[in-house]
Amino acid sequence: MRILFSGYAPVHFLCFKPLYDRLREIPGTEIELSGGMRTKCSHAPGGYLYDHQSMYRHFDLPEDAIRPVGSLAKADYDVMFAANTRRIEPRSVDTRIQIFHGMSFRNRAIRPETDGADHYFLFGPYMKRGFADSGILAADDPRGVEIGFPKTDRLLDGSLGREEMLARHGVSGDRPVVLYAPTGERHNSMETMGEELIEKLAAVDRYDLLVKPHDHPHTTVDWWERLAPLESEHVRLVQERDVIHTLSIADLLITDASSVANEYTLLDRPIVFIDVPELFELTLRKNARLDLDTWGRRGGEVVAGVSEALAAVEAGLADPGARSEVRRGIVADLFFNPGRATTAAMDWITRELEWP
């Protein structure tokens with residue numbers, strides 16, 4: 001069985017990695033990884049150049065597992081998994097499986113570009129309804145498979161030790177851990193007020209603040225370099241590519257419109273949302289399915305500015321159970337098989353695909 005994975009950001013591979021780790025254990029299975037960090041280029045096929053080395057260098061992978069995009073035109077596979085909506089395809093493939101790298105209330109995962117896959121590994125009832133409403137997949141379309149989100153299993157399965165994760169992030173855990181993780185779309189909260197927010201939170205001097213810039217932002221700003229002067233004993237820039245590790249130790253999350261908010265609801269811990277109206281306007285101009293009504297930001301406190309954010313962080317840590325019932329409702333609607341999605345996916349793969 002020859003399998004291909006393709007994507008254009010480290011988070012894309014992280015969403016496939018739980019399956020990769022299980023599939024590679026099956027005798028006779030060959031898995032190749034392609035894609036790469038992309039840059040626009042009018043002369044390149046499809047309008048992009050892909051740097052596979054910059055995407056996969058963060059992972060401990062066999063050297064012969066990575067295949068440049070340019071060589072895919074002469075390659076054939078039995079199955080491909082794609083975590084990005086515009087699939088990077090080989091010459092031929094028998095079965096295309098669309099996986100997803102996140103699901104926020106902007107619903108960027110649900111768009112016509114995903115059409116054409118043979119199977120869709122759906123996160124939960126909410127995503128299933130979204131695909132039906134969009135006309136891409138009818139509610140009873142067998143291509144829609146009720147899997148869940150394998151990347152998030154580790155938030156619930158007990159495999160991540162808190163002490164080890166704290167040490168990896170350079171914090172002791174003696175103080176509440178606050179994570180700031182904005183989205184990467186233009187007009188995000190890092191652009192509008194991020195530096196002031198970090199400085200003011202640091203000045204409170206009661207938290208260990210972890211700051212995780214988006215790993216493929218829609219900007220030319222190098223946020224790791226720009227924010228480096230703000231680092232201190234209790235302010236750390238997160239170099240860890242796997243946000244699940246970071247979410248697991250956070251006592252409170254600050255975000256704006258990132259899909260990490262939905263993943264964090266699995267832990268039922270407090271969330272503060274920075275309001276980003278210009279980003280929402282941009283989302284609507286892109287004809288995305290912005291949905292602030294169903295669940296949106298109901299699982300946390302929405303704030304307009306830095307002073308409100310500081311107060312919301314203090315209140316959230318003082319009463320972490322506030323909105324717990326809402327967050328449990330979000331989890332039930334957003335995720336099939338919470339904590340067990342990888343097993344559900346592998347059960348389906350071995351049952352439905354003709355494995356040699």
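A quick note: this is a predicted structure, and the numbers were derived from the prediction, not measured. These numbers come from the heavy atoms of this one structure, side chains and all, not from hydrogens, waters or symmetry mates.
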For [X] and [Y], does a side-chain donor sit closer than 3.5 Å to a side-chain acceptor?
| X | Y | value |
| --- | --- | --- |
| H214 | S258 | no |
| Y180 | S189 | yes |
| T183 | D256 | no |
| D291 | T294 | yes |
| D118 | T95 | no |

Below 4.5 Å, heavy atoms only, C-beta onward: do [X] and [Y] meet side chain to side chain?
| X | Y | value |
| --- | --- | --- |
| V79 | V93 | no |
| R236 | E231 | yes |
| D275 | F280 | yes |
| R327 | Y264 | no |
| S34 | F5 | no |

Between [X] and [Y] (side chain of the first, backbone of the second, donor and acceptor by atom type, cut-off under 3.5 Å), is there such a pair?
| X | Y | answer |
| --- | --- | --- |
| D153 | T342 | yes |
| E352 | W348 | no |
| R323 | G300 | yes |
| D133 | G130 | no |
| E146 | L122 | no |
| D251 | V177 | yes |
| E301 | I271 | no |
| T283 | R106 | no |
| Y56 | A65 | no |
| E263 | L155 | no |

Which atom pair, heavy atoms only, marks the closest approach of [X] to [Y]?
| X | Y | result |
| --- | --- | --- |
| A109 | T85 | O-CG2, 4.0 Å |
| A341 | G148 | CB-C, 3.8 Å |
| L253 | A261 | CD2-CA, 3.8 Å |
| R162 | S248 | NH1-O, 4.0 Å |

Next item on the list: Check step by step if side chain to side chain contact (heavy atoms under 4.5 Å, CB included) holds for I254 and L197.
Entry: CA-CA 10 Å; I254 305 172; L197 176 63; 4.2 Å; yes
Checklist line | Test salt bridge (charged side-chain N to carboxylate O under 4.0 Å, His left out) applied to D333 and R129, K128, R298, the passing residue | finding: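 That would be R129.
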Check: So T29 and I31, side chain to side chain contact (heavy atoms under 4.5 Å, CB included) or not? Walk me through it.
Finding: CA-CA 6 Å; T29 301; I31 309 176; 3.9 Å; yes
Mind telling me whether [Y] and [X] have parallel, tilted or perpendicular rings, with 30° and 60° as the class edges?
| X | Y | result |
| --- | --- | --- |
| H101 | H12 | tilted |
| F81 | F16 | tilted |
| F123 | F335 | parallel |

Side-chain heavy atoms nearer than 4.5 Å, only ILVMFWY residues, links allowed to pass through others: does that put [X] and [Y] together?
| X | Y | answer |
| --- | --- | --- |
| L156 | M165 | yes |
| F105 | V276 | yes |
| F121 | Y126 | no |
| L310 | L179 | no |
| M190 | L247 | no |

Note to self: Show, in sequence, the C-alpha distance, side-chain angles and deciding distance for E113 and R87, and conclude whether the salt bridge (Lys or Arg N to Asp or Glu O under 4.0 Å) test is met.
What the structure shows: CA-CA 8 Å; E113 292 91 334; R87 290 180 293 275; over 6 Å; no
[X] bridged to [Y] by N-O distance under 4.0 Å:
| X | Y | result |
| --- | --- | --- |
| E240 | K212 | no |
| E32 | R2 | yes |
| D242 | R154 | yes |
| R186 | E278 | no |
| D21 | K17 | yes |

With rounding to the nearest 0.5 Å, note down the distance linking [atom1] in [X] to [atom2] in [Y].
| X | Y | atom1 | atom2 | value |
| --- | --- | --- | --- | --- |
| R168 | H245 | CZ | NE2 | 5.0 Å |
| D347 | R351 | CG | CZ | 6.5 Å |
| I66 | S71 | CD1 | OG | 11.5 Å |
| N337 | T343 | CG | OG1 | 9.0 Å |
| N188 | M193 | CG | CE | 10.5 Å |
| L266 | L334 | CG | CG | 8.5 Å |

Quick one: does NZ or CZ of [X] land under 6.0 Å from the six-membered ring centre of [Y], within 45 degrees of the ring axis?
| X | Y | result |
| --- | --- | --- |
| R38 | Y50 | no |
| R175 | Y207 | no |
| R143 | Y120 | no |

Next item on the list: Using the side chain to side chain contact (heavy atoms under 4.5 Å, CB included) rule, take L317 and V178 through it: C-alpha gap first, then chi angles, then the decisive distance, then the call.
Entry: CA-CA 9 Å; L317 291 171; V178 174; 4.3 Å; yes
Note to self: If you count heavy atoms of other groups shown closer than 6.0 angstrom to CD of E233, is the number above 12?
What the structure shows: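 Count not over threshold, so no.
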Next item on the list: Using a cut-off of 6.0 Å, state whether more than 12 heavy atoms not belonging to E30 lie near its atom CD.
Entry: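 More than 12 within 6.0 Å, yes.
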Item checked: F13/Y20 aromatic ring centres below 6.0 Å ->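 Judged by ring-centre distance (under 6.0 Å), F13 and Y20 do meet the cut-off.
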Next item on the list: Enumerate the residue pairs fulfilling salt bridge (Lys or Arg N to Asp or Glu O under 4.0 Å) with a member in residues 68-78, sequence neighbours excluded, ordered by first and then second residue.
Entry: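 As it turns out, the salt bridge (Lys or Arg N to Asp or Glu O under 4.0 Å) pairs with a partner in residues 68-78, which skip direct neighbours, are D76-R91.
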